[in-house]
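Here the structure is a predicted model, which means the values were calculated and not measured.
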Amino acid sequence: MQLTQSNVIICDTENHCLKLVDRNNGNTTTIAGQCSAPGYQDGVTARFNFPWTAVLDNQNSCSILVSENRNRTFRTVNTCGKNKWTVDTFAKSAELDLLRDFIQGINGDIYASANDALYYINYQTQTVSMLVGSQLGVLQESAFNKTRLSKPHGLQWVDSNYFLVADLGNDNVYYCNLIE
């Protein structure tokens with residue numbers, strides 16, 4: 001099966017696998033992970049534990065980036081060639097507890113919501129660092145870079161230097177300026 005514009009990649013979170021849906025005919029195919037079998041394993045027999053978000057990697061046209069909630073990791077899924085649908089670990093950190101949504105910048109860097117914070121993952125070095133928030137989850141009215149988040153979830157680019165983040169626990173939306 002080819003990955004085309006008529007296909008949609010779905011994180012079947014509670015079944016611990018990724019599926020490919022063909023929008024033309026409605027067919028669904030499991031492409032990575034072993035449904036109903038959580039775990040952590042790379043390769044063609046990969047296992048996921050709550051895959052959350054899947055995005056085409058803007059730095060590698062043959063790769064999908066996947067955030068994985070319970071394994072605290074980002075994985076890649078190869079979409080081309082003889083290693084098609086092979087899963088590899090991209091970045092893993094204990095800090096990425098309850099990893100959820102993420103967005104990728106034009107240079108490949110990743111901004112992700114996990115637990116009560118936003119994280120920055122350098123695409124080249126695959127290092128993880130906290131961008132804003134804390135593990136305390138208590139709202140602190142102040143500048144965004146000192147804000148305590150509670151269940152940040154949705155992230156959306158406004159332009160290449162700014163993104164929005166929905167803070168579900170505080171019923172707020174924040175504007176993140178990356179050039180300050």
Side-chain angles (χ1 to χ4, degrees), residues 3-23 28-42 46-79 85-123 126-133 149-158 160 162-169 173-174 176 178:
L3 188 60
T4 68
Q5 289 186 346
S6 68
N7 298 142
V8 177
I9 303 292
I10 303 292
C11 287
D12 191 348
T13 301
E14 292 188 9
N15 281 322
H16 314 289
C17 57
L18 300 182
K19 295 184 177 175
L20 182 75
V21 178
D22 186 321
R23 295 185 311 172
T28 302
T29 306
T30 300
I31 58 168
Q34 298 178 36
C35 293
S36 301
Y40 182 78
Q41 182 175 325
D42 286 340
R47 289 185 183 238
F48 292 98
N49 197 349
F50 283 78
W52 200 270
T53 302
V55 174
L56 292 173
D57 185 345
N58 68 16
Q59 302 296 296
N60 180 347
S61 62
C62 286
S63 183
I64 299 168
L65 288 167
V66 178
S67 63
E68 197 175 353
N69 186 272
R70 301 284 168 85
N71 284 330
R72 301 173 176 154
T73 189
F74 279 95
R75 312 280 281 285
T76 58
V77 180
N78 188 320
T79 63
W85 312 131
T86 300
V87 176
D88 291 301
T89 297
F90 178 78
K92 185 172 177 68
S93 173
E95 290 184 278
L96 297 175
D97 188 34
L98 301 177
L99 178 59
R100 293 181 289 272
D101 289 335
F102 70 93
I103 53 178
Q104 190 176 26
I106 57 174
N107 63 353
D109 293 343
I110 297 168
Y111 301 89
S113 64
N115 205 357
D116 291 325
L118 292 179
Y119 290 88
Y120 166 77
I121 297 89
N122 182 293
Y123 189 85
Q126 300 169 348
T127 55
V128 176
S129 57
M130 186 183 295
L131 181 65
V132 63
L149 303 171
S150 179
K151 300 179 190 85
H153 192 66
L155 293 93
Q156 179 65 49
W157 287 110
V158 175
S160 62
Y162 304 93
F163 65 86
L164 300 173
V165 58
D167 190 11
L168 300 179
V173 175
Y174 292 103
C176 184
L178 298 175

When every non-hydrogen atom of Trp157 is compared with those of Tyr162, the smallest separation belongs to CE3-O, 3.3 Å

Heavy atoms from other residues, nucleotides or ligands near NZ of Lys92 exceed 12 (cutoff 6.0 Å)
yes

What distance separates Ile31 CD1 from Asn78 CG, expressed to the nearest 0.5 Å?
11.0 Å

Output yes when a side-chain donor or acceptor of Arg23 lies under 3.5 Å from a complementary backbone atom of Val21, and no otherwise.
no

Salt bridge (Lys or Arg N to Asp or Glu O under 4.0 Å) partners for Arg72, two or more places apart
Asp97

Keeping the roles fixed (side chain from Asn58, backbone from Gly105), state whether a donor-acceptor pair exists under 3.5 Å.
yes

Taking all atoms of both residues into account, what is the closest heavy-atom pair of Asn69 and Leu99, and its distance?
ND2-O, 2.9 Å

Of the non-hydrogen atoms in Asp167 and Pro152, which two are nearest, and what is the gap between them?
OD1-N, 3.8 Å

Asp101-Thr53 side chain donor-acceptor pair, cut-off 3.5 Å
yes

Testing the basics here: between Ala112 and Phe74, what is the closest heavy-atom pair and its distance to 0.1 Å?
CB-CZ, 3.7 Å

Please enumerate all residues that pass side chain to side chain contact (heavy atoms under 4.5 Å, CB included) together with Val173, with sequence neighbours excluded.
Leu164

Rounded at 0.5 Å granularity, tell me how far CG in Leu20 sits from OG1 in Thr29.
6.0 Å

Going by heavy atoms in the side chains, are Trp85 and Leu18 under 4.5 Å from each other?
no

Is there a donor-acceptor pair under 3.5 Å between the side chain of Tyr119 and the backbone N or O of Glu95?
yes

Arg100 side chain vs Asn115 backbone, donor-acceptor pair below 3.5 Å:
yes

Suppose we screen for side chain to side chain contact (heavy atoms under 4.5 Å, CB included). Which residues come up paired with Asp57, at least two apart in sequence or across chains?
Gln59, Asn60, Ser63, Leu65, Gln104, Tyr123

Which distance, rounded to the nearest 0.5 Å, do you find between the OG of Ser67 and the CZ of Phe50?
13.0 Å

So do Tyr40 and Thr73 actually touch side chain to side chain, heavy atoms under 4.5 Å?
yes

Mind checking what makes disulfide bond (SG atoms under 2.5 Å apart) contact with Cys11, not counting sequence neighbours?
none

Sequence-distant partners of Lys19, salt bridge (Lys or Arg N to Asp or Glu O under 4.0 Å), two or more places apart
Asp12

So which atom in Leu155 and which in His153 form the shortest heavy-atom distance, rounded to 0.1 Å?
CD1-O, 3.2 Å

Output all residues satisfying side chain to side chain contact (heavy atoms under 4.5 Å, CB included) with Gln126, sequence neighbours left out; order by chain, then residue number.
Phe90, Ala91

Taking only residues two or more places apart in sequence or in another chain, which ones pass side-chain hydrogen bond (donor to acceptor under 3.5 Å, both in side chains) with Thr13?
none

Can you tell me how far the CG atom of Asp109 sits from the CG atom of Asn122, to the nearest 0.5 Å?
5.0 Å

Does any non-hydrogen side-chain atom of Val87 lie less than 4.5 Å from one of Phe48?
yes

Return yes if some donor-acceptor pair links the side-chain N/O of His16 with the main-chain N/O of Ser36 below 3.5 Å, else return no.
no

Gln34: partners by side chain to side chain contact (heavy atoms under 4.5 Å, CB included), with sequence neighbours left out:
Ala37, Thr45, Arg47

Indicate yes or no: at least one non-hydrogen side-chain atom of Phe163 is less than 4.5 angstrom from one of Leu118.
yes

Taking all non-hydrogen atoms of both residues, which atom of Gly39 and which atom of Asn71 are closest, and how far apart?
O-ND2, 2.9 Å

Taking the side chain as C-beta and beyond, is there a heavy-atom pair between Thr86 and Val77 under 4.5 Å?
no

Hits for ring pair (Phe, Tyr, Trp, His ring centres under 6.0 Å) against Tyr120, two or more places apart or cross-chain, chain-then-number order -> Tyr111

Residues which pass salt bridge (Lys or Arg N to Asp or Glu O under 4.0 Å) with Asp42, listed by chain and number, not counting sequence neighbours
Arg75

